[in-house]
J.: 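I'd like to ask some things about the structure below.
Atoms considered below: every heavy atom in the structure, side chains included; atoms not considered: hydrogens, waters and symmetry mates.
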Amino acid sequence: MPKEISTFIVDSFTDQAFKGNPAGVCLLEQPLSDWEMQSIATELNLSETAFLSQEQDHWNIRYFSPKMEIPLCGHATLASAQVLVEKYAPETIDFITGHGLKLKVKPEAESLVMEFPRYRTCDAEIPAGMLQALGIDKAINSVFNEETRILMIEIESTKKLKELAPDFNALLQTHDSLHGVLITTKGTEEYDFHSRYFWPWSGSNEDPVTGATHTFMAPYWGERLMKNKMKSFQASARTGFMDLELLDDQLLIKGMAVMVLEGFFKI
């Protein structure tokens, strides 16, 4: 008999179906091998799929892109919490990631508030050929975050950010040690800053909405804008948004999610 695994697809960081970032969520009643989890994530072909197993006082959570295991994923955490809220209506949800990171999520009205770590960045050089591959003619600043192994590049306008059309074949050749490159710019009107995230090395060409990048992007913009509370917009084709609050050693990420599919994976 094949294993039947309760599986969901949830659009995260949006209040509408088919917007935001879709994540797979699998509720495990029995252990799966790494190969089985990677195969499911590759089969679903979403930017990430989260695998949840319940312990006495928390849920273990692991994240897989179609290519590899990912240490931390914001939108798949939000999607997982949405599934658990709809199925079990908990007051709080405690996750422990495959890398031992403790995350807490609390329902709040129609949203979910996630407690994430707050990370630092250091100055970094942009690899040769990367700006040309991205279609960027001028960078204002570039920094690197060690925990996520992401390079962040600040550019000058939301218009230029939206118009970026990278040459992904060329981008892949610019380095072999980063997980992705995040492009960001100061926002206008409703949102404090905008971003787009490209990660053909470890996932898809572009991630629609990326919670984990805010662990270091929110402190970066908080310092420059002198704000502890901000609104962020990801300018991908699907678009997405979230509210952020910087605490001493944590980042609160507030977002909404919409479940669009429920079924069983049979392996």
J.: Consider only side-chain heavy atoms of I, L, V, M, F, W and Y, link residues closer than 4.5 Å, and tell whether Leu72 and Phe95 are in one cluster.
T.: yes
J.: Between Glu190 and Lys231, does at least one N-O distance fall below 4.0 Å, as a salt bridge requires?
T.: no
J.: Same cluster or not: Phe13 versus Leu103, using hydrophobic residues (I, L, V, M, F, W, Y) connected whenever any side-chain heavy atoms lie under 4.5 Å apart?
T.: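 Shared cluster, yes.
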J.: Do you know which two heavy atoms are closest between Gly240 and Val209, and how far apart they sit?
T.: CA-CG2, 3.6 Å
J.: For the atom pair CZ (Arg196) and OG1 (Thr158), what is the distance rounded to the nearest 0.5 Å?
T.: 12.0 Å
J.: Any idea which heavy atoms bring Phe144 and Leu178 closest together, and the distance?
T.: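 Heavy-atom minimum between the residues: CE1-CD2, 3.4 Å.
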J.: A side-chain contact here means heavy atoms from C-beta on lying under 4.5 Å apart; do Ile93 and Val85 qualify?
T.: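 Ile93 vs Val85: side chains touch.
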J.: Verify the neighbour count for atom NZ of Lys3: are there more than 12 heavy atoms of other residues, nucleotides or ligands below 6.0 Å?
T.: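 For Lys3, atom NZ is crowded (more than 12 foreign heavy atoms under 6.0 Å).
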J.: Is there a side chain to side chain contact (heavy atoms under 4.5 Å, CB included) between Trp199 and Thr210? Walk through the geometry before answering.
T.: CA-CA 11 Å; Trp199 62 319; Thr210 318; over 6 Å; no
J.: Where is the tightest heavy-atom contact between Ser202 and Met68, given as atom of each residue plus distance?
T.: CB-SD, 3.2 Å
J.: Determine, stepwise, if the pair Leu134 / Ile153 fulfils side chain to side chain contact (heavy atoms under 4.5 Å, CB included).
T.: CA-CA 11 Å; Leu134 290 165; Ile153 300 173; 4.0 Å; yes
J.: Out of curiosity, does Phe51 fall in the hydrophobic cluster containing Met259 (side-chain heavy atoms, cut-off under 4.5 Å, transitive links)?
T.: no
J.: If only side-chain N and O atoms count, and only distance matters, is there a donor-acceptor pair under 3.5 Å linking Asn60 with Glu55?
T.: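 Distance-only check passes for Glu55 and Asn60.
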J.: Strictly by modelled atom types, are Ser47 and Asn21 linked by a side-chain donor-acceptor pair under 3.5 Å?
T.: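 A pair is found: one side chain offers a donor N or O, the other an acceptor, under 3.5 Å apart.
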J.: Show the nearest heavy-atom pair for residues Tyr197 and Val181, with the distance to one decimal.
T.: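 For Tyr197 and Val181, the tightest heavy-atom pair comes out as CD1-O, 3.4 Å.
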J.: Enumerate the side chain to side chain donor-acceptor pair (under 3.5 Å) contacts for residues 161-179, please, sequence neighbours excluded, ordered by first and then second residue.
T.: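 Only Lys159-Glu163 qualify under side chain to side chain donor-acceptor pair (under 3.5 Å).
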J.: Return yes if some donor-acceptor pair links the side-chain N/O of Lys67 with the main-chain N/O of Pro200 below 3.5 Å, else return no.
T.: yes
J.: Test Leu171 against Trp201 for side chain to side chain contact (heavy atoms under 4.5 Å, CB included), laying out the working first.
T.: CA-CA 9 Å; Leu171 187 60; Trp201 306 273; 3.6 Å; yes
J.: Between the side chains of Thr14 and Asp11, does any donor sit under 3.5 Å from an acceptor?
T.: no
J.: Using only heavy-atom distances, determine whether the side chains of Trp59 and Ser53 contain a donor-acceptor pair under 3.5 Å.
T.: no
J.: Among the clusters formed by ILVMFWY side chains lying less than 4.5 Å apart, do Leu46 and Phe265 turn up in the same one?
T.: yes
J.: Report yes if some heavy atom in the side chain of Thr213 is under 4.5 Å from a heavy atom in the side chain of Thr148; otherwise report no.
T.: no
J.: In terms of heavy-atom contacts, does CD of Glu156 have more than 12 from other residues, nucleotides or ligands at under 6.0 Å?
T.: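 Yes - once you tally the heavy atoms of other residues, nucleotides and ligands closer than 6.0 Å, there are more than 12.
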J.: Measure from the side-chain N and O atoms of Arg118 to the backbone N and O of Leu246, and report whether any donor-acceptor pair falls under 3.5 Å.
T.: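 No, the answer is negative, given that no donor and acceptor are paired below the 3.5 Å cut-off.
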J.: Is the shortest side-chain heavy-atom distance between Glu154 and Arg224 below 4.5 Å?
T.: yes
J.: Should we count CD of Glu86 as having more than 12 external heavy atoms under 6.0 Å?
T.: yes
J.: Going by heavy atoms in the side chains, are Asp123 and Val143 under 4.5 Å from each other?
T.: yes
J.: How about Val10 and Val260: do any of their side-chain heavy atoms sit closer than 4.5 Å?
T.: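 No, too far: nothing below the 4.5 Å cut-off.
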J.: Rounded to the nearest 0.5 Å, what separates atom OH in Tyr191 from atom CE in Met242?
T.: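 That separation rounds to 10.5 Å.
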J.: For residues Lys138 and Lys160, determine if any side-chain heavy atom of one lies less than 4.5 Å from a side-chain heavy atom of the other.
T.: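 No. Closest side-chain heavy atoms not under 4.5 Å.
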J.: Applying side chain to side chain contact (heavy atoms under 4.5 Å, CB included) between Pro117 and each of Asp249, Leu251, Leu101, report the one that passes.
T.: Leu101
J.: Does a side chain donor of either Thr184 or Trp221 reach within less than 3.5 Å of an acceptor in the other side chain?
T.: yes
J.: Among all residues two or more places apart in sequence or in another chain, which pass the ring-ring contact (aromatic ring centres under 6.0 Å, His included) test with Phe216?
T.: none
J.: Would you say the side-chain atoms of Thr77 and Tyr63 include a donor-acceptor pair closer than 3.5 Å?
T.: yes
J.: Is there a side-chain contact between Ile40 and Ile5, using heavy atoms and a 4.5 Å cut-off?
T.: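 With C-beta onward as the side chain, the pair touches.
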J.: Any side-chain heavy-atom pair from Val105 and Ser80 closer than 4.5 angstrom?
T.: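 When only atoms from C-beta onward are counted, Ser80 and Val105 do not touch, as no gap falls below 4.5 Å.
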J.: Looking at Asp207, is its backbone amide N or carbonyl O close enough to the side chain of Gln234 to form a donor-acceptor pair, meaning the two atoms are under 3.5 Å apart?
T.: yes
J.: Taking all heavy atoms of Ser65 and all of Ala41, pick out the closest pair and write down the distance.
T.: O-CB, 3.6 Å
J.: Between Lys87 and Phe8, is a side chain to side chain contact (heavy atoms under 4.5 Å, CB included) present by the stated rule, with each step listed?
T.: CA-CA 12 Å; Lys87 290 186 70 68; Phe8 309 81; 3.7 Å; yes
J.: Where the side chain of Asn145 meets the backbone of Arg120, is there a donor-acceptor pair that is under 3.5 Å apart?
T.: yes
J.: Would you find a donor on one side and an acceptor on the other, under 3.5 Å apart, between the side chain of Arg238 and the backbone of Lys19?
T.: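 Here the side-chain-to-backbone pair exists.
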J.: I need the minimum non-hydrogen distance between Leu244 and Ser232, along with the two atoms involved.
T.: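 For Leu244 and Ser232, the tightest heavy-atom pair comes out as CD1-CB, 3.7 Å.
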J.: Quick check on the hydrophobic clustering: are Leu52 and Leu32 connected, directly or via other members, by side-chain heavy-atom contacts under 4.5 Å?
T.: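 In one cluster: no.
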